[in-house]
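Inspection log for the structure reproduced underneath, given as structure tokens.
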Amino acid sequence: MSLVSIRDVRKSYGAQEVLKGVSLDTGRGDVVAIIGRSGSGKSTLLRCINGLETYQSGSITVDGMAVGDGKTDLRTLRRHVGMVFQQFNLFPHLTAGENIMLAPTVVVKEQKGEARAVAESLLEKVGLAGKFDAYPSQLSGGQQQRVAIARALAMRPTVLLCDEITSALDPELVNEVLKVVERLASEGMTLILVTHEMRFARDVGTKLVFMHQGRVHEEGPPKALFGQPATPELAQFIGVQP
Amino acid sequence: MIQHLNFGDLLPYWDVFARGLLFTIVLTLTSTVAGLTLGTAGAWARTFGPRWAGALTRAYVEIIRNTPFIVQLFFIFFGLPALGVKLSENTAAFIAMVVNLGAYSTEIIRAGIEAVPKGHLEAGASLAMSRWEIFRHIVLKPAIMNVYPALSSQIIIVMLGSAVVSQISAEDLTYAANYIQSRNFRAFEVYIVAALLYLLLAIGLRALLRGIGRAIFPKG
Ligand SMILES: Nc1ncnc2c1ncn2[C@@H]1O[C@H](COP(=O)(O)OP(=O)(O)OP(=O)(O)O)[C@@H](O)[C@H]1O
Ligand SMILES: [Mg+2]
């Protein structure tokens with residue numbers, strides 16, 4: 001059974017239908033890379049998975065928990081679903097370490113000392129040992145995004161959602177963030193990521209999803225899709241001749 | 001033409017000035033703490049609170065911001081006894097100051113809350129934090145940081161406005177000045193000293209607020 005199961009999800013903003021019946025399965029340890037044009041509904045889909053957006057019909061389950069049926073407590077769900085954003089969204093009044101410790105201490109009620117130890121080891125894992133006391137404003141974009149990843153990991157999520165997490169970065173900072181994500185993937189973390197990094201999607205992804213006009217237009221093994229796109233839309237998007 | 005300036009006539013009354021000054025300082029500090037607490041609660045109600053609390057707060061803010069402070073003070077001191085609420089001069093002065101600062105700081109802090117990027121709230125929600133936890137741990141401090149200069153100015157305004165409480169015979173600095181002037185008839189000297197003391201208070205309070213700001217908000 002898949003860890004994240006999306007069934008025929010439809011979502012509209014007013015009269016505009018943004019998701020027109022999306023179905024998608026993500027197994028444990030999968031790395032699902034979602035690509036597609038601006039406005040195709042990638043962010044919306046991702047945000048439906050952790051309940052940041054509601055949807056009108058269809059169903060989403062994460063590890064057996066139904067999302068958006070009004071019965072599952074969103075906070076319970078979100079303890080299992082981490083999210084990293086394009087704009088980092090670090091809390092500016094807290095240090096890197098405090099950003100990571102906040103949810104474990106406030107939500108999970110971990111002891112300060114314990115949470116601190118976890119935060120330190122996570123910072124080390126993302127290559128930022130020694131930055132515990134740095135404020136976000138004192139960090140580069142790439143460093144901030146790695147802190148944001150560590151912050152999400154501190155809740156020990158079952159699945160991590162990443163929405164264009166390198167799009168706001170200067171080109172020379174993209175790789176340090178992708179390396180961290182690649183390492184998570186190699187450790188078996190389940191990842192669903194929206195990305196414009198085609199090479200990353202091909203090399204690290206276990207499944208590629210091409211979204212087009214609110215639908216999953218094409219999906220399959222990344223190498224196969226990149227090598228031989230079945231639809232002209234994907235071919236055009238990735239710039240190869242079908 | 002000013003003739004025969006004589007500050008010496010004030011000397012016998014130095015302790016009256018001192019007591020008035022102390023009263024104004026204590027009144028300002030206590031009502032600032034209480035007023036900002038009320039303002040924070042009001043701002044919470046307007047942004048994160050239930051609809052009814054937001055509406056109630058809005059009415060409170062509008063009433064206070066659109067009526068003179070002295071009328072609010074008189075209502076509390078002279079008006080409330082009609083409802084059986086009898087307050088001492090000092091208590092009435094304190095309450096009037098708190099209610100007044102509470103309304104203005106509600107609006108200021110609300111603006112600070114609205115300036116917190118939506119993404120930060122979503123990041124908090126994604127970390128399984130409740131609305132209250134998001135407000136308390138993610139929103140509140142940056143919100144106050146956003147509007148700290150405006151908040152500081154409002155506190156100074158309220159401190160200076162506290163002179164009005166002398167009208168109900170709360171024994172503040174202005175009350176002391178009025179009292180001394182009625183004894184020695186040295187109006188010019190008395191009020192210039194009072195003005196100077198208010199000026200020093202304002203400068204001191206500003207420095208204090210700046211120091212507090214520096215201590216609680218991270219630099220950079
Ligand atoms: N809060 C909103 N209100 C109204 N319309 C919205 C809202 N959020 C998104 N949309 C619309 O929904 C559509 C899909 O948006 P979405 O952000 O999911 O696209 P995307 O694939 O993530 O695009 P991008 O690559 O630019 O991030 C767009 O047409 C967008 O204008
Ligand atoms: Mg998007």
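All chains are named by letter (A, B, ...) in the order of the sequence lines, taking the proteins before the strands, and each is independently numbered beginning at 1.
Only the side chain of A:R47 comes within contact range of chain B, with at least one heavy atom under 4.5 Å from a heavy atom of that chain. In this structure, the portion of A:V81 lying under 4.5 Å from any heavy atom of chain B is its backbone and not its side chain. Of the two parts of A:L74, neither the backbone nor the side chain holds a non-hydrogen atom closer than 4.5 Å to a non-hydrogen atom of chain B.
Counting heavy-atom pairs under 4.5 Å between each of B:I138, B:V116, B:I216 and chain A puts B:I138 at the top.
With 3.5 Å as the limit, one finds a donor-acceptor pair spanning the side chains of B:N100 and B:Q72.
A salt bridge links B:R110 with B:E107: the closest approach of a Lys/Arg side-chain nitrogen to an acidic carboxylate oxygen falls below 4.0 angstrom. A salt bridge is absent between A:R78 and A:D73; no separation between the charged side-chain nitrogens and carboxylate oxygens falls under 4.0 Å.
Side-chain atoms of B:T174 and B:Y179, non-hydrogen and from C-beta on, never get closer than 4.5 Å to each other.
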